[in-house]
Number of protein chains: 2
Amino acid sequence: MTPYVLVVEDEDALATLLHYNLEKEGYRVSLAADGEEALTQIDEQLPDLIVLDWMLPKVSGIEVCRRLRGRAETRNVPIIMLTARGEETDRIRGLDTGADDYIVKPFSMVELTARIRAVLRRIRPGLAEDRTRQGDLTIDRVSHRVKREGREIHLGPTEFRLLDYFMQHPGRVFSREQLLDAVWGSDVYVEARTVDVHVGRLRKALNLDTEIDPIRTVRSAGYALDIDS
Amino acid sequence: MTPYVLVVEDEDALATLLHYNLEKEGYRVSLAADGEEALTQIDEQLPDLIVLDWMLPKVSGIEVCRRLRGRAETRNVPIIMLTARGEETDRIRGLDTGADDYIVKPFSMVELTARIRAVLRRIRPGLAEDRTRQGDLTIDRVSHRVKREGREIHLGPTEFRLLDYFMQHPGRVFSREQLLDAVWGSDVYVEARTVDVHVGRLRKALNLDTEIDPIRTVRSAGYALDIDS
DNA sequence: TGATTGCGTTAAAAAACCGTCACAATATTG
DNA sequence: CAATATTGTGACGGTTTTTTAACGCAATCA
């Protein structure tokens with residue numbers, strides 16, 4: 001079952017952005033513009049995770065958090081707090097609010113989705129997978145390890161994320177732009193050709209001279225990870 | 001079987017915090033908001049350990065303690081008392097209440113979990129492990145000794161706790177922040193770079209010049225203890 | 001009390017990685 | 001087959017991240 005995420009955010013532009021991006025990530029997403037609405041929605045259907053703005057009209061984020069923690073049904077729903085820089089950072093650090101994680105604005109979508117995955121993994125193991133196998137390739141997101149035919153493969157951070165993304169959507173072709181969005185984040189600007197270079201590096205790391213290349217180039221379209229082998 | 005801990009605490013924020021952290025530590029946790037509820041729950045299922053606030057509505061912590069000690073089935077359930085600073089400290093010290101340990105608020109989570117482990121170890125050997133082996137490394141939490149290939153390794157307190165934590169979650173990558181939370185405690189503030197320094201010290205102590213380093217650096221992610229070798 | 005030990009911070013050195021470019025290699029098209 | 005478009009790759013400068021050594025301070029021990 002795909003995880004259901006409730007986003008509580010009063011600023012319209014950000015809310016829309018979150019909705020769009022999380023949906024793209026494969027989550028079911030619902031929006032609430034203030035704390036009151038959030039509590040109503042939570043009563044109707046219990047989310048798997050809540051992304052909660054710190055400052056909210058009517059009922060503040062802190063208050064929502066406290067109330068949720070005070071009720072047995074909602075006590076274990078993981079919460080990720082959204083805070084502006086410097087906004088009571090220390091109190092949040094102490095996590096005495098009961099949030100599971102927090103993230104400081106402005107943040108990148110890649111970062112947020114990474115946190116969401118991490119929290120879901122911690123709280124609801126099984127919802128987000130720790131390991132993926134594809135043919136003779138294995139990627140383990142907890143130990144940060146990649147193996148091919150049992151032998152350990154060392155990858156830099158970017159190549160790791162790139163392979164991770166490919167492994168989550170095997171067989172599918174992605175354009176350079178899509179890969180930049182998904183792996184680098186839609187907020188940074190890098191040359192499209194940079195993807196080529198990283199795919200090249202990933203290939204070099206993955207393939208022993210004799211082995212066949214699991215990454216397929218689709219001319220004038222992009223790249224894909226192949227499933228068989 | 002994972003130990004079952006009952007937390008009796010009326011202050012909501014603290015109760016939630018305890019619940020969250022103990023669960024993260026791998027215990028099964030249940031909450032009770034007052035002494036009466038606690039006694040009911042204990043009747044239903046006998047905990048392996050009770051964390052008990054001193055001041056409680058309805059039936060006080062002292063009273064709960066006395067009653068539990070008065071009945072054969074509950075006499076041996078270990079109890080850790082939570083007390084505010086100065087709150088009858090001497091009488092508690094005397095342990096005439098029958099508590100196995102006590103801890104003064106405010107306390108750090110690291111400290112509490114250490115006490116819990118210590119008490120469980122004392123009362124129920126086998127529930128909490130005294131020793132862990134991982135490859136050629138051995139850590140003994142009772143005698144506070146670390147060995148590699150049989151030879152004794154001397155570690156400072158912080159490095160000991162750090163290695164301890166790594167050994168309990170082998171293979172897993174932890175960010176500097178996670179390690180600070182888990183090893184230093186979420187309530188102290190130290191620079192993230194400090195983790196690097198301690199990892200460095202731990203490495204120096206662990207590795208004879210020829211040996212391979214069991215601690216893996218995962219660039220822009222953190223550190224992990226590796227299992228094989 | 002003086003000496004020792006361990007801690008946390010900082011700064012500089014070292015290592016790893018990144019993004020871009022230029023050119024080579026390969027595929028496509030006419 | 002030649003011309004063109006697209007992709008592969010090695011090199012390079014610059015940046016980020018990690019490692020390491022040094023220092024001042026506090027707690028502990030003898």
Side-chain angles (χ1 to χ4, degrees), chain A residues 108 110-111 144 146 152-165 173-207 209 212-226, chain B residues 108 110-111 144 146 152-165 173-207 209 212-226:
Chain A
S108 82
V110 172
E111 198 183 342
H144 259 255
V146 175
E152 174 101 29
I153 307 269
H154 176 83
L155 298 178
T158 307
E159 286 120 56
F160 185 88
R161 292 200 310 275
L162 184 59
L163 178 63
D164 187 8
Y165 191 68
V173 178
F174 295 102
S175 71
R176 285 154 237 273
E177 285 71 23
Q178 286 176 312
L179 289 172
L180 284 176
D181 260 24
V183 176
W184 276 255
S186 49
D187 34 17
V188 297
Y189 178 72
V190 286
E191 211 58 46
R193 289 303 308 280
T194 300
V195 174
D196 296 27
V197 177
H198 277 278
V199 166
R201 302 213 246 247
L202 181 55
R203 279 174 165 153
K204 180 138 60 173
L206 244 36
N207 307 331
D209 290 339
I212 62 160
D213 183 3
I215 300 177
R216 177 165 42 106
T217 303
V218 183
R219 200 178 168 87
S220 76
Y223 299 95
L225 179 77
D226 274 343
Chain B
S108 82
V110 172
E111 197 182 342
H144 253 252
V146 175
E152 174 98 29
I153 307 267
H154 173 80
L155 297 179
T158 307
E159 285 117 57
F160 185 88
R161 291 201 311 276
L162 183 59
L163 179 63
D164 187 9
Y165 192 66
V173 175
F174 295 102
S175 70
R176 287 155 235 275
E177 285 72 21
Q178 286 177 311
L179 289 172
L180 285 176
D181 262 23
V183 176
W184 276 256
S186 51
D187 35 17
V188 297
Y189 179 73
V190 287
E191 212 58 46
R193 292 252 134 255
T194 301
V195 175
D196 297 26
V197 176
H198 278 276
V199 166
R201 288 174 181 158
L202 181 55
R203 278 176 166 150
K204 182 138 59 173
L206 245 36
N207 307 331
D209 290 340
I212 61 159
D213 184 2
I215 299 177
R216 175 167 45 110
T217 303
V218 181
R219 188 161 238 261
S220 79
Y223 298 95
L225 179 76
D226 275 343

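Source: prediction; values computed, not measured.
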Send over the distance from [X] [atom1] to [N] [atom2], rounded to a whole Å.
X: A:R216; N: D:dT7; atom1: CZ; atom2: P; value: 14 Å
X: A:I215; N: D:dG8; atom1: CD1; atom2: P; value: 10 Å
X: A:E177; N: D:dT6; atom1: CD; atom2: P; value: 13 Å
X: A:R203; N: C:dT26; atom1: CZ; atom2: P; value: 13 Å
X: A:D196; N: C:dA24; atom1: CG; atom2: P; value: 18 Å

Could you tell me whether the phosphate oxygens of D:dT7, OP1 or OP2, come under 4.0 Å of any side-chain nitrogen or oxygen in A:S220?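 A:S220 to D:dT7 OP1/OP2: no side-chain N or O under 4.0 Å.
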Phosphate-side-chain proximity, A:K204 and D:dG10, N/O vs OP1/OP2 below 4.0 Å: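 Yes, because at least one side-chain N or O of A:K204 sits under 4.0 Å from OP1 or OP2 of D:dG10.
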Among B:H154, B:H198, B:R201, find the residue that satisfies the side chain to side chain donor-acceptor pair (under 3.5 Å) test when tested with B:E159.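 Output: one option passes, namely B:H198.
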Any sub-3.5 Å donor-acceptor pair from A:R216's side-chain atoms to A:D226's backbone N or O?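 The answer is no, because no donor-acceptor pair under 3.5 Å joins these two groups.
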Donor-acceptor pair, A:D213 side chain versus A:I215 backbone, under 3.5 Å?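 Such a contact is found between A:D213 side chain and A:I215 backbone.
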Heavy atoms, side chains only, cut-off 4.5 Å: are A:T158 and A:W184 in contact?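 Result yes, sub-4.5 Å side-chain heavy-atom pair found.
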Do A:L225 and A:P214 come within less than 4.5 Å of each other through their side chains, counting heavy atoms only?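 They are in side-chain contact.
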Would you classify A:Y223 as touching base, sugar-phosphate or nothing, given that sugar-phosphate means primed atoms plus P, OP1 and OP2, and contacts are heavy atoms under 4.0 Å?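 Sugar-phosphate, no base atom in range.
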For the student: nearest non-hydrogen atoms of A:V146 and A:L163, plus distance: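 Looks like CG1-CD2, 3.7 Å.
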With B for base contact, S for sugar-phosphate-only contact and - for none (protein heavy atoms under 4.0 Å), nucleotides 7-19 of chain C reads BBBB----BBSBB
Among D:dT18, D:dG8, D:dT7, the one nearest A:R176 by side-chain distance: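 Closest nucleotide to the A:R176 side chain: D:dT7.
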Of B:V218 and A:A221, the one whose closest DNA chain D nucleotide lies more 5':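 Per heavy-atom nearest nucleotide, the more 5' residue is A:A221.
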